[in-house]
Asks: 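Supplied in structure tokens, the structure appears directly below.
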There are 2 protein chains.
Amino acid sequence: MNGRHSGRPTLEEVAVRAGVGRGTVSRVINGSPRVSDRAKAAVEAAIAELGYVPNRAARALAGNRTDAIALVIPEPETRLFAEPYFSDIIRGIGAELADTDMQLLLTLIRTPKERSRFAQYLAAHRVDGVLLVSVHEDDPLPDLLEQLEMPAVLNGRRSDLESVSYVDADNVGGARAAVSHLLARGRRRVATITGPTDMYVARCRLDGYRQAVEAAGLGVDDGLVAGGDFTEEGGRRAMRELLARRPDVDGVFAASDLMAAGARAVLREEGRQVPDDVALIGFEDSAIARHMDPALTSVRQPTEEMGRTMARVLLEEIAERASVRRHVVLATELVQRDSV
Amino acid sequence: MNGRHSGRPTLEEVAVRAGVGRGTVSRVINGSPRVSDRAKAAVEAAIAELGYVPNRAARALAGNRTDAIALVIPEPETRLFAEPYFSDIIRGIGAELADTDMQLLLTLIRTPKERSRFAQYLAAHRVDGVLLVSVHEDDPLPDLLEQLEMPAVLNGRRSDLESVSYVDADNVGGARAAVSHLLARGRRRVATITGPTDMYVARCRLDGYRQAVEAAGLGVDDGLVAGGDFTEEGGRRAMRELLARRPDVDGVFAASDLMAAGARAVLREEGRQVPDDVALIGFEDSAIARHMDPALTSVRQPTEEMGRTMARVLLEEIAERASVRRHVVLATELVQRDSV
DNA sequence: GGCGTGTGTGGGAGCGCTCCCACGTAGGCT
DNA sequence: AGCCTACGTGGGAGCGCTCCCACACACGCC
């Protein structure tokens with residue numbers, strides 16, 4: 001099976017059948033405007049009759065491109081992913097790529113060895129562009145991509161001055177909305193459980209908290225800010241800390257649903273009712289939020305839309321020669337449930 | 001940038017540098033034994049000095065293969081995925097592929113149009129093999145794959161007589177263990193909420209339920225079997241039905257965590273305590289299970305291991321010419337929490 | 001010594017495309 | 001009429017590999 005010469009039709013055979021030259025068939029396939037309607041129709045008919053599908057490898061070889069982009073997922077992150085996030089973003093990317101004949105390559109990076117191997121891949125131009133999710137500030141990959149002039153789009157950004165193109169959610173706005181909501185409902189001692197502050201996204205959510213508190217004419221009380229690490233256990237610890245420092249806390253904005261779940265568990269242990277004694281808001285609107293008791297009010301990110309946008313931006317960047325960096329920030333939305 | 005002749009070294013340049021012919025370099029790269037140690041060392045040195053990375057497209061074109069496999073995800077399924085499942089299985093596949101230079105292509109199939117387009121891809125031999133998750137019994141893809149003699153591995157199977165290679169979890173055994181556990185804890189009226197019975201996986205879990213009930217010397221009471229559809233709302237409906245028919249039910253095995261969550265909500269509404277009045281077990285051990293209140297006892301599937309195994313089986317199938325079908329069933333495990 | 005057999009090697013041919021040059025042919029201008 | 005500019009077109013060259021044939025050379029055997 002699968003012998004040296006498989007029966008699959010080639011561009012040449014299409015040309016013969018259509019009674020035109022190879023060049024013309026190639027032009028039709030690639031949508032060149034420089035083809036007469038007559039020739040175009042003949043070629044299209046021949047393609048349909050023969051069931052011709054262009055050979056990707058040959059195209060790539062001759063055209064010096066790959067028609068493939070890589071979706072890079074740093075492994076440690078996979079674990080942390082609030083779960084629907086992962087598949088939602090993939091769905092968005094897939095949707096945007098569907099009409100293209102761009103292929104999506106999945107690349108998991110676990111170890112430094114794999115990272116350097118991937119760097120080799122990039123240097124060898126095995127992909128036309130790269131989609132990078134969940135970048136850390138110390139990740140060397142974005143800089144490498146920039147240096148190689150490889151089109152790339154990050155999901156999130158490393159800092160305010162991110163130079164590589166990115167698509168991010170409005171973390172500041174989302175956090176601000178959440179905290180404002182708490183304050184508007186009459187909560188006066190609203191605390192926050194932050195993510196690891198060496199992550200930009202965590203700092204953004206903390207900024208949103210601060211902005212909302214200040215906008216309400218209150219001062220930010222450092223006793224009401226507890227550091228978490230985006231994990232459930234971190235949420236627990238932070239909540240205990242908060243309760244110890246400010247027993248009269250009546251509202252908590254956790255920078256992730258998982259931390260909110262941890263906080264909620266501690267509140268239960270301590271006999272505090274949610275939302276009566278303490279109102280609680282998370283971030284991400286994950287499956288966990290919907291299944292908590294009471295169901296958790298949370299900030300939703302337009303995850304699928306982010307995936308879609310990332311793909312679109314990357315395709316644009318690949319299409320144009322010059323590398324204009326694009327920065328897109330998508331709005332977040334407060335999903336109200338029963339924890340406020 | 002990225003001009004016609006990029007500076008990347010070619011096999012030919014490596015050959016010149018090593019003072020050997022193209023053929024010898026090719027042999028070294030592909031691990032042929034028919035190379036003298038001297039030549040091999042020279043070539044390897046040249047490769048290292050030049051930072052040579054083989055051109056994939058050229059290889060694919062000349063060798064009539066692609067070094068790529070497709071992971072196919074039927075879109076409607078993504079939504080249903082108990083969430084960690086998705087990323088776990090990908091992680092397993094990635095781990096197995098890491099040492100290979102096989103690429104993983106992600107293919108989402110949403111519409112019939114996309115399905116037929118993918119069929120074209122397959123016919124054009126754009127991948128060396130296919131990994132298919134979550135197949136329905138009426139899915140035409142497996143048969144197509146078989147017909148094309150394309151190496152393929154399913155995650156799960158369509159029926160007992162599945163002809164295509166597959167890797168599946170021991171659904172029957174897992175369900176049996178869950179129900180036996182309930183019976184061993186003294187529950188006498190143990191019900192089950194099934195998945196859609198046109199899905200083989202749902203039938204397997206129902207079989208496991210039956211086997212456990214019969215093994216306990218009890219007869220299967222049809223009144224204790226309610227049909228769900230793997231969704232939370234389906235679990236709700238089924239639980240209401242069950243309560244109406246058998247108000248004295250004291251144990252429920254739900255064929256998915258999501259349905260268990262639905263059932264749990266109804267039980268709460270009806271004032272039944274879990275686990276005191278009704279013990280509850282789910283299937284999948286998803287994030288939801290861990291975050292339910294009380295935390296849900298559930299049957300865990302070795303998801304990452306399944307991904308790993310799928311990849312391994314596929315690679316084997318690609319490596320050998322003949323198509324020997326492989327069937328692997330991996331053990332499941334009951335994870336005990338607080339709902340029993 | 002002649003003949004086989006085996007092992008390592010070089011390099012031609014070709015995979016199926018895209019790129020681009022060269023060649024008509026038709027139309028617009030002076 | 002003569003020229004210049006399009007436009008549409010055919011096909012050569014070449015992308016970087018793998019495959020495989022042919023050859024050289026080192027053995028062993030009769």
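Residue numbers begin at 1 in each chain, while the letters A, B, ... track the order of the sequences.
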Asks: Specify the separation, in whole Å, of atom CD of B:Glu13 and atom P of D:dC15.
Replies: 11 Å
Asks: Rounded off to whole Å, could you give me the CG-to-C1' distance for the B:Leu11 and C:dG10 pair?
Replies: 13 Å
Asks: Distance check needed: C:dC15 P versus A:Glu12 CD, whole Å only.
Replies: 10 Å
Asks: Atom CG of B:Leu61 to atom P of C:dT18: distance rounded to whole Å?
Replies: 12 Å
Asks: Check each residue of residues 15-40 of chain A for a non-hydrogen atom within less than 4.0 Å of any atom in DNA chain C, then write out the ones that pass by number, or none.
Replies: A:Arg22, A:Ser26, A:Arg27, A:Asn30
Asks: Evaluate the criterion salt bridge (Lys or Arg N to Asp or Glu O under 4.0 Å) for residue pair A:Arg91 and A:Asp88; output intermediate values, then yes/no.
Replies: CA-CA 5 Å; A:Arg91 185 179 307 121; A:Asp88 279 357; 2.8 Å; yes
Asks: Rounded off to whole Å, could you give me the CZ-to-P distance for the A:Arg126 and D:dC17 pair?
Replies: 10 Å
Asks: Are A:Arg325 and A:Glu317 ion-paired here, with the side-chain N under 4.0 Å from a carboxylate O?
Replies: yes
Asks: Between D:dC17 atom P and B:Asp101 atom CG, what is the distance in whole Å?
Replies: 13 Å
Asks: List the residues meeting side chain to side chain donor-acceptor pair (under 3.5 Å) with B:Glu49, not counting sequence neighbours, and say none if there are none.
Replies: B:Arg17
Asks: Check this for me: does any side-chain nitrogen of one of A:Arg312 and A:Glu316 sit under 4.0 Å from a carboxylate oxygen of the other?
Replies: no
Asks: Compare the minimum distances between each of C:dT18, D:dG16, D:dT18 and the side chain of B:Arg65, then state the nucleotide with the smallest one.
Replies: D:dT18
Asks: Tell me every residue that passes salt bridge (charged side-chain N to carboxylate O under 4.0 Å, His left out) with B:Arg56, counting only those two or more places apart in sequence or in another chain.
Replies: none
Asks: Could you check whether the rings of B:His327 and B:Tyr166 sit parallel, tilted or perpendicular, using 30° and 60° as the cut-offs?
Replies: parallel
Asks: Whole-Å distance between C:dC15 C1' and A:Arg59 CZ?
Replies: 16 Å
